[in-house]
There are 2 protein chains.
Amino acid sequence: MTDSHPTLHIDLASPVPVYRQIARGLRILLVEGNLAPGHRLPTIRDLAMDLGVHRNTVAEAYRLLADEGWIELRRRRGATVLDRPLPSPGPDAGDRWIRRLNELIAEALTQGLEPGFLAAALRRAAGSIENVIPDTRREQP
Amino acid sequence: MTDSHPTLHIDLASPVPVYRQIARGLRILLVEGNLAPGHRLPTIRDLAMDLGVHRNTVAEAYRLLADEGWIELRRRRGATVLDRPLPSPGPDAGDRWIRRLNELIAEALTQGLEPGFLAAALRRAAGSIENVIPDTRREQP
DNA sequence: TCCATTGTCCGCAGACAATATACATTGAAC
DNA sequence: GTTCAATGTATATTGTCTGCGGACAATGGA
């Protein structure tokens, strides 16, 4: 088991830029607790090597996460995971998310996916959510 | 009621290009039957006016839909909706869609949305799907 | 003190999106 | 049938973004 970055899929053909794909993937690992506070992320160059992209591309992703408060970047020490509480969502974050969900569903229908298939997938996802994330600590706004 | 384009939200600040947002929005209206075959879409210039973007941006969206077989573009006659059967999905379309769904959920969690809220929204969406789209006619691959 | 490691800065080339502008086509009025 | 305004189309321009190359700066450890 030499895979140090368990699940970090990036798709060079996707229209969403690579540095943002990396940031999103890491964000997911962070929020799911796979990367606990105090942990060291791989160095920029190492991760770039593994993913087959340029260092600055990974650096951009790390900078994004640092700006959001997930990690701390220090020279010669790499990136360390901060003990960051989840942000409290904005007032209409829920509405905007639901709109995105509806768009995703509509797009699936335009591709010809079966409504029954989609409904099953949605219910399955709903079930798995509540188990994965037990309880959340919020930051005070 | 002077609103000729019921629900077509575009976000100039979004990283996804405007012409693709327009195409996606129209595609949704088409698949949900709000735009029946034979209907005329607004002219490129009119829609551009309404949305506050350049004509060529809308033209690009229309061309996309025309390439996909949703509409027919003819000079001086505008865009007419074609009677197009839903495409039959590719072999791994389902898997890729489920991955996108999971990413959407993970992103919501990173924003601090409550798992319970998300689960409820997912279940609600699952329920509404099966009612909205009764039966689908597929094209033969 | 010295040096290898690691993040950072600056500039660049290519791609792409949105626009401006001019053009080609065509249905309809007469 | 001629004419013309309406409408889609083609080309060029401009700005922005991505990913990259290379040089630089800081810094922990030998």
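Every chain is numbered from 1 and lettered A, B, ... according to where its sequence line falls, protein lines coming before strand lines. In what follows, every heavy atom counts, from backbone to side chain, and hydrogens, waters and symmetry copies are set aside.
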Separation of [Y] [atom2] from [X] [atom1] (nearest 0.5 Å):
X: A:Tyr19; Y: A:Asn56; atom1: OH; atom2: CG; value: 13.0 Å
X: A:Leu35; Y: A:Ile28; atom1: CG; atom2: CD1; value: 11.5 Å
X: A:Leu109; Y: B:Glu32; atom1: CG; atom2: CD; value: 7.5 Å

Expressed in angstrom and rounded to an integer, what is the separation of [X] atom [atom1] from [N] atom [atom2]?
X: B:Asn56; N: C:dA22; atom1: CG; atom2: P; value: 14 Å
X: A:His54; N: C:dC12; atom1: NE2; atom2: P; value: 16 Å
X: A:Tyr62; N: C:dC9; atom1: OH; atom2: P; value: 17 Å
X: A:Leu12; N: D:dG19; atom1: CG; atom2: C1'; value: 11 Å
X: B:Glu60; N: D:dT11; atom1: CD; atom2: P; value: 14 Å
X: A:Met49; N: C:dT6; atom1: CE; atom2: C1'; value: 15 Å

* Residues in contact with DNA chain C, drawn from residues 13-22 of chain A - heavy-atom cutoff 4.0 Å -> none
* Structure fact -> Only one of B:Arg96, B:Arg27, B:Arg100 passes salt bridge (Lys or Arg N to Asp or Glu O under 4.0 Å) with A:Glu107, and that residue is B:Arg100
* To do: Compare all side-chain heavy atoms of A:Val16 with those of A:Asp11 and state whether any distance is below 4.5 angstrom.
  => no
* Within a strict 4.5 Å, meaning less than it, do heavy atoms of the A:Ile10 and A:Val53 side chains meet? -> yes
* Looking at D:dG19, does its base get a donor-acceptor pair with the side chain of A:Arg55 below 3.5 Å? -> no
* Under 4.0 Å between a side-chain N or O of A:Thr57 and OP1 or OP2 of D:dT18? -> no
* Backbone N or O of B:Glu68 within a donor-acceptor pair of the B:Arg84 side chain at under 3.5 Å? -> yes
* Could you name each residue pair satisfying salt bridge (charged side-chain N to carboxylate O under 4.0 Å, His left out) that touches residues 115-127 of chain B, not counting sequence neighbours? => A:Glu130-B:Arg123
Would you tabulate the pairs of protein nitrogen or oxygen atoms and nucleotide nitrogen or oxygen atoms of nucleotides 4-7 of chain D closer than 3.5 angstrom?
from  : atom 1 : to      : atom 2 : distance (Å)
D:dA5 : N3     : B:Arg76 : NH1    : 3.2
D:dA6 : O4'    : B:Arg76 : NH1    : 3.1

